[in-house]
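Notes follow once the structure below has been shown.
Quick note: numbers below take in every heavy atom, side chains included, and nothing from hydrogens, waters or symmetry partners. Keep in mind the model is a prediction, meaning the values are calculated, not measured.
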Amino acid sequence: MSLKGKVALVTGSTSGIGQGIAEALAAEGAAIMLNGFGDAGKIEAQRASLERKFGVKALYNGADISQAEQIAAMVADTRKSLGSLDILVNNAGIQFVAPVDEFPGEKWDQIIAINMSGVFHGMKAAIPGMKAKGWGRIINIASAHGLVASPFKVAYVAAKHGVLGMTKVAAIELANTGVTVNAICPGWVLTPLVQKQLEERAKGSGTTVDQETHAFVTEKQPMAQFSTPEQIGGLAVFLCSDAAKTITGAPLSIDGGWVAQ
């Protein structure tokens, strides 16, 4: 398919899953607004690489996804600088682990602000323009933890369950506007950060990276394989296609069978 002429904003796209999604959309011809934290030089290299590899326009906005006014300003900047906003991918997220009774209140507030409220503010800012055009795709990156729980992740699990609820509400409201709203629910994803953790675990325990990978993944998933940012990007591209025109309000698992158990 081709997304030539479309404009995509992907939050949290300077690394990991978001970067994979941004590259997949750019490969199909979409102009990209990157967003996220990181080294300014590396972000600029990523932005320039998208333009060079895929022949699309790519820009960067450093909005803090915990701040509603910055999200609204980023959406406005995308429309002004790239001419439209057709595809919104709410991907930005953070994590912290602790038992409920020891979970720091400030960490709860931060995770809810970024992982859940940021999705709401992004949709709120993007929807009017999409409705006016009669076409739009909103893709919220949830998690297997939007469908099931794990211990020590109370804020993350609560936020991701909330993302699925918001996705369903928005999908119903927009059902006859040409705008679809769906959630991708990844299981374990092999990002550079996870790869580094596996290497450190293998070094510390005297095992191999393959052994640590198998132990880590199969703790939750029947399929002993990570998903990759590229595969999640492929699913995002499909959700933007005509074949997915009537898919809306759906939590789409890409989790090696995690939630099938």
Side-chain angles (χ1 to χ4, degrees), residues 1-3 6 8-13 16-18 20-22 24-25 28 30 85-93 115-131 133-150 153 156-189 220-223 225-261:
M1 64 164 296
S2 174
L3 295 175
K6 304 295 187 186
L9 164 60
V10 186
T11 68
S13 51
I17 291 172
I21 293 172
L25 295 173
E28 298 298 330
L85 176 55
D86 306 290
I87 301 162
L88 171 65
V89 182
N90 288 305
N91 168 74
N115 294 24
M116 188 170 74
S117 296
V119 174
F120 163 73
H121 292 299
M123 291 198 297
K124 181 179 178 180
I127 284 170
M130 292 180 177
K131 286 169 67 176
K133 291 187 68 173
W135 196 94
R137 296 289 183 266
I138 297 174
I139 301 169
N140 298 323
I141 306 305
S143 168
H145 283 117
L147 295 161
V148 295
S150 291
K153 299 179 180 179
Y156 189 85
V157 170
K160 295 302 186 179
H161 273 67
V163 167
L164 293 189
M166 285 188 284
T167 298
K168 294 174 184 179
V169 170
I172 292 168
E173 292 179 358
L174 299 169
N176 296 298
T177 65
V179 182
T180 66
V181 189
N182 291 290
I184 294 176
C185 300
W188 294 135
V189 180
K220 295 290 187 181
Q221 297 184 183
M223 184 181 290
Q225 294 181 29
F226 281 102
S227 298
T228 67
E230 292 77 14
Q231 289 167 339
I232 297 170
L235 180 52
V237 167
F238 169 71
L239 289 173
C240 296
S241 72
D242 287 340
K245 187 176 181 179
T246 60
I247 299 176
T248 197
L252 297 159
S253 293
I254 179 167
D255 67 359
W258 182 332
V259 302
Q261 301 174 93

Kindly list each side-chain donor-acceptor pair under 3.5 angstrom involving residues 177-184, sequence neighbours excluded, with atom names and distances?
{"residue": "T177", "atom": "OG1", "partner": "L174", "partner atom": "O", "Å": "2.7"}
{"residue": "T177", "atom": "OG1", "partner": "V179", "partner atom": "N", "Å": "3.3"}
{"residue": "N182", "atom": "OD1", "partner": "T248", "partner atom": "N", "Å": "3.4"}
{"residue": "N182", "atom": "OD1", "partner": "G249", "partner atom": "N", "Å": "3.2"}
{"residue": "N182", "atom": "OD1", "partner": "A250", "partner atom": "N", "Å": "3.0"}
{"residue": "N182", "atom": "ND2", "partner": "I247", "partner atom": "O", "Å": "2.8"}

Let me confirm one number: the CD1-CD1 distance from I232 to I141, rounded to the nearest 0.5 Å. 7.0 Å

Passing candidate, side-chain contact (heavy atoms from CB on, under 4.5 Å) with L25, options I139, V237, L9: V237

Can you pull the ring-ring contact (aromatic ring centres under 6.0 Å, His included) pairs that have at least one residue in residues 240-261, sequence neighbours excluded? H145-W258, W188-W258

Before you tell me yes or no, could you show the steps for N140 and M166 under side chain to side chain contact (heavy atoms under 4.5 Å, CB included), namely the whole-Å CA-CA distance, both residues' side-chain angles and the distance that decides it to 0.1 Å? CA-CA 9 Å; N140 298 323; M166 285 188 284; 5.6 Å; no

Going from CD on E230 to CD1 on I17, what distance comes out if it is rounded to the nearest 0.5 angstrom? 10.5 Å

I need the K6 NZ to E28 CD distance, nearest 0.5 Å. 13.5 Å

State, to 0.1 Å, how close A142 and L164 come at their nearest heavy-atom pair, and which atoms those are. CB-CD2, 3.7 Å

Would you say L252 and L239 make side-chain contact, with heavy atoms under 4.5 Å? yes

Distance, nearest 0.5 Å, that separates CG of L85 from CD1 of I127: 11.0 Å

Give a yes or no on whether the backbone of K220 and the side-chain of Q261 come within a donor-acceptor separation of less than 3.5 Å. yes

Take N115 and V163 through the side chain to side chain contact (heavy atoms under 4.5 Å, CB included) test and state the conclusion after the steps. CA-CA 8 Å; N115 294 24; V163 167; 5.8 Å; no

Quick one: closest heavy-atom pair of N90 and L88, and the distance? ND2-CD2, 3.5 Å

Consider side-chain contact (heavy atoms from CB on, under 4.5 Å). Of S143, C185, P251, which one does K160 pass it with? S143

To the nearest 0.5 Å, tell me how far M116 CE sits from H121 NE2. 9.5 Å

Please give me the minimum heavy-atom distance between G187 and A144, naming the atom from each residue. CA-CB, 4.3 Å

Pairwise distance CD1(I21) to CD1(I87) - rounded to 0.5 angstrom: 11.0 Å

T11 side-chain N/O to N91 backbone N/O, donor-acceptor pair under 3.5 Å: yes

Got a sec, which residues hit salt bridge (Lys or Arg N to Asp or Glu O under 4.0 Å) with D86, two or more places apart in sequence or on another chain? K133

